[in-house]
Every structure is written in structure tokens, then in C-alpha cells.
Amino acid sequence: MTVQSLAPILRFVLAERGWPCPDRLERLAAYLPAVATAGLEVALESEGAIDLQQRIQNQEEIARLARWLARTGPQGAAWQHLAAALAPIADAIDEYWLELDAPAGDDARDAPLSVFVRLRDYAEPTIARVLAAFDIRLTPERLEALQRCLVACGPDARLSYIGLMLGRAGAPLRLIVENVRPNDACAFLERSGWPGPLDTATAWIDRLFVHADRIRFALTLGDALTPDIGFECFVGDPTANDPRWRCLFDMLVQGGLCTPARREQLLAWPAALTPLSSQQWPESLISDALLRPATAPRWLDCRISHAKVTLAAGHPPRAKGYFGFIEVQAPSVADTEARPRTTTTNAKTAIENATDFLVAGQNQAGWWLDYDGFSEGTADEWVTAYVAHALHDSARADARDGAARAWHLLKARARSGWGWNFLQPADADSTIWGLRLASDLSQSETREAREATEFLRQHLDADGGIATYRRHVYAQWVDAKAVNPAWYDAHACVTAAAAHVPGLGLAPLSYVRSTQRENGEWRGYWWQSDRYTTALAAEALAATGDAEDANRVQRAVAATRAWLERDGWGETLREPPFDAAWALRTLLLRPMDGWETIERLADHLQHAGREDGSWVASAALAIPNRQGDIVQAIDSRRYFTTATVLSALRKFENLRLTGH
């Protein structure tokens, strides 16, 4: 073993993370070069051997691998094929993953080698060229099966990797298929000719998508497609430690596919290892740093990659966990925000662009994720219900399908109601938006919606106000974690949204009437601005047809106009798009009070859009913590803001077309 191999780096990382490094694993690592990106594969339901992978990505790393193989001498035919193929197909490959399965004995030379390649294109000539470079010849039957899989992918799904199982009998191929839409999973498997039980596979797909943001299908091609299939489940962004991984592992534990101990091991794995925070930094990484030109600092990022559930003929389902580390470099400072739109537009175009952005932003499972960076995890249930509500009555089928998919997931997640995400207790606010979506889709009489309505009723106080949380429910869910006591009080922003939910009676309207402030506005507890609360409250009162409520709405409209005009109007939108959109919705309740102002505000919103169809993140939360300090949060992915502006512009356009 030498410092030029992966072994010292792997041993260092495992020691830092409190994992043992078995001799057999270290011997495997000695066969790989000192490229500091590696993956480990472990069974989740039992102890056992650990398989090893290594990523080789760029020309520098490929050249290092070539030198390593030439210097150490390839071991066996599989290694010789790899060494011989590197140069001839360099222009066709974006990335290699080398995988060494733990050998049956102690001799690492017996470890089967597999090579997973990500191609720059998956045209048949490119695939044939790569297979030929590895001396893999396809029989007519295997070629036909491969072609059928390629055709089955259609316009959305695609191959992301081809695995060349060089060390296994018959050199089977592993086909990794990405972006199969949940509703198309059964049809995709049928089109591909997969011979396994479709009902079982689709049931597992539906079950896993409840907590997985993305699933890749792993098909095995021997003489034909085999009935074995793997579902590779991913959660969140791989560059961030997403606490929502616990939900997926909990589900696997409950299904008997993962032990609690293994779950905790994997959840404890993510960390950043730096030369300053760690002792005995690997010599090869020190050498690399000295040889590189001065650049931004680098460190080792320990990550969970994915969990894989495999269905195999004649065997119960089994699960594996994939985790590892990658050497990363701090990104250069750059403006990653989408640029402002430079061309003129109108409401119809802005609506279409916003719909494009939101449809594209729905992940493969069907969630919209936003408000990253909290220790509680990214928001998915609340954000998804809100965005789907904005899309449900779109003229576009893809938007309506996205809203229906969101409701399917929310139903599967229902625990009397919904919350920030599944790690957090159900709360009234998230449940309100889930119920509003259920009402939109004529699903209010489903069991999940009825239970959520009953859950929401339990948050009503004597004055008709609705508290976000109930004290004993929150305490039970989060092990009595202390929060600001006001979280258990009624809030106008929550109650105003609830006033639109069928089945709650007139009590929320009474609370809304009693909490209007002298200036005509309503104060929002969870928001930096009062625009959201004022618009929702005014819309609820406008729907009653009561004369006194009409006066309250008029006061809200006047207050909103005063807010817009307090510093005068400039040539561009001065107010944050989120607030301006809610202001527009308030003004639309009384268009007779000044259509010119409404048109001007709508015009400003249209032209404030970004090139990608979104608006700058501005749905600003102001969360009081238990010390009474305000924790600010913003929808960094821009889905919440964009859904808000989309709804406002559609209301404006509908009113404009029908006559005001």
C-alpha cells in the first residue's frame, strides 16, 4: 500500500467519521488511485462486507488513472480492458465510476470490477463504440433489448449511466434510467420489456416516492432484461445535508429493510473535513495542494448519496445505502440569480413564463422544495400545497397534472394534516393550504381531507381564531422542544387563509373582522410584511356579500393604496414582488376605486420578472424563536414568490378580460 493509492485517504475519512476500516476494504482501496472522491455501499438490514466505488471525472483525473494503471500493472482482463479503453473513448465519456465488490475471500485481486460510464450522448453509435472499446459484443438479442430500453425512455426519461459488469459472468450491463415520471413508471417498464411483476414494482415506486425526491431505475441486461430491478432513491441536493433523509430511512426501518443502528450510522455520516479541522491530513492531498496553482480552498465533503431498494425474483426486497466523500472547492463569487427580463411582456406572457418555471421546478416525485437552510429541513409539504393551489386551474394540462400529483403525495403523507415537512408536526397553516388544494380538486370528501378538517377545527379558539400549533401535539412530536409560546396563539395570517376553507363555519370570519387594525390592514405573525394577511382577510370578507364587510374591504384597499404611494411611484417596481402581488390582489377587490393604479402595478410586476419566468425571492418569513428573536427566511428557490405573482396576474387578467 502506498500514499499514491486511495487507501490512506479512505482510512483517514473513515477514522474521522467514526467508521471502522476493515482490512479487506483497505486492500480494495489500494487498487485505486489517490483521487479523493469515493463511495461506499453497505447492506441496510444487516452487517456485511462493504463495496467500494471511485469517481473519475475530468481529464486530469482520467490521466491520473491511466498513469496509475500503467505504473501498477492492470490485474486481470477487466483491468486491462479499462486501461486499453481510456484513450480511444476519451471524447465520449463524461465520467467513470469504478466499482469493486467485496471479494469472497481475503485476496483483493479477486474483487470483481465494474465500470459505470456517463456518456456525452446515448446514441446507438456512441454506445456501440464504448462497448467495443471494452471488448463487449452484443448478441442480436441483447442489442434488441438495449434498443428497446432506449426507445422506452421517450422524451422525458433518459439513460444516465451504463454499467459494464466486467468482473461478472457474461459481462451483463446495468442500465441506469433517470427521470421516469411516477405516472409513467408502469408504462415505461412495459415498453422496455422488463419481465418482472409490474404491480409489485409500481407499488414500491409509489411508496418510495412519498419520501424520495428522485428515483433512478437500475435495470440489468444479460442475454435479455432480467426480472431484477433496483430503485435508487435520492433526497434533496447532494451538496447539502438534508435532514429529510431520516423520513426515508424511517420508512425502510418500519418495512424491515433497515436496522435502526444502520439508519443512525448513515444519518451521522455527513460532515465537512478540512485541513484545519482534522488531524493527519492525507499526504497525497497535501501534495496535490502544493502542486496546484493558488485557488479557493478545498475540503472533503462527506455525503449520503442514495438508498437503493432491489426487487429480485424469488427473494424478498432488500436495501442498500450508498455514501461517501468528494473533494470540493469553494465556488467563485458569481451572481447566480436569474437576470431581470430585458424584453417587454404582458400579463399573458408573464403567466405562461411563470407556469413554465413552476412546472419545471416540480421534482420527479412531485414536490416543490423551498426555504433551504433550516435544521428542520427544507419545506416541502407546505410549499407544495401552496404552489399546487396556484396551478390547479391553469389552462395547461401539465400544470393541472402537477397539482394532481401534489395532492396524491400529500394524501400519502397525511397525518391528520400537513406541516413544514414530514419531520415536523402537522400545523394549521400547512393544513389550510392542503385543504384549499383538496377543495380545488374536488377532494374535500376524501378521508384525508375530512381528517385534516377535523384537525384544523381543533386549532380554533373561542374567538374564532386559529393557532398554528397546539401545544401538546407539538411537544409530543418534537420531544418537548421549547418554542416561542406565541406559536400556540391564534394568528390573523393563519385565520385569514382558513376563512376560505369549507367546513370551518363562520367563526374564522368573526376573528378576521375583530382583528382589522385602525389603518385598515391586518397584521401577519409569520411574515415580515402585512400584505399577505391583508389580502387574504379582505378576500374572505369580500366573499360574504355583507355591507359592513364591504366597508372593511374598502378600508383594506385604501390602506394598500396608501402603502403603495407612501414614497411615490418610480419607473420600476420598488416593492418586493411577493408583497406587490398581494397588494394587487387586494386592489382587485375594488377595481372601481382606481383601475389605472391596478394596471400600473400589474405592469410593474410583469416587467419585474426574471428571464427564467420567476420573480426574485421575496416571500420573507419572520419567525419568532423561543428567545423572542426574529429568524428571517426567504424562498431562495423562488417557487413561493413566483406562485404568488402567478395567482395575482391571473386574477388581474381574468378581471381585465371580463371587464372591470
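Start at 1 with the first residue, then count along the sequence.
With sequence neighbours left out, Glu60 forms a side-chain hydrogen bond (donor to acceptor under 3.5 Å, both in side chains) with no residue at all. Listed by chain and residue number, Ala412, Arg413 satisfy the side-chain contact (heavy atoms from CB on, under 4.5 Å) test with Val210 (two or more places apart in sequence, or in another chain). Among residues two or more places apart in sequence or in another chain, the side-chain contact (heavy atoms from CB on, under 4.5 Å) test is passed with Cys149 by Leu175, Ser192, Leu219, Leu225. Considering only residues two or more places apart in sequence or on other chains, Phe134 meets the ring-ring contact (aromatic ring centres under 6.0 Å, His included) condition with none of them. Applying the ring-ring contact (aromatic ring centres under 6.0 Å, His included) test to Tyr322 and every residue at least two apart in sequence or in another chain returns His306. For Ala66, the side-chain contact (heavy atoms from CB on, under 4.5 Å) test picks out Leu86, with sequence neighbours left out. Applying the side-chain contact (heavy atoms from CB on, under 4.5 Å) rule to Asp23 yields the partners Arg27; only residues at least two apart in sequence or on another chain are considered.
Evaluation of the ring pair (Phe, Tyr, Trp, His ring centres under 6.0 Å) test over residues 111-132, restricted to residues two or more places apart or in two chains, returns none. Under the salt bridge (charged side-chain N to carboxylate O under 4.0 Å, His left out) criterion, the residue pairs touching residues 138-161 are Asp156-Arg181, with sequence neighbours excluded. The list of salt bridge (charged side-chain N to carboxylate O under 4.0 Å, His left out) pairs with a residue in residues 207-221, not counting sequence neighbours, reads Glu178-Arg214, Asp213-Arg244, Arg216-Glu232. Identified under the salt bridge (charged side-chain N to carboxylate O under 4.0 Å, His left out) test for residues 248-259, with sequence neighbours left out: Asp250-Arg263.
Among Leu6, Asp101, Leu98, the single residue meeting the side-chain contact (heavy atoms from CB on, under 4.5 Å) criterion with Leu52 is Leu6.
For the pair Arg303 and Thr239, the minimum side-chain heavy-atom distance is below 4.5 Å.
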Quiz: residues 195-205 side-chain donor-acceptor pairs under 3.5 angstrom, not counting sequence neighbours:
from   : atom 1 : to     : atom 2 : distance (Å)
Thr202 : OG1    : Leu198 : O      : 2.8
Thr202 : OG1    : Asp199 : O      : 3.2

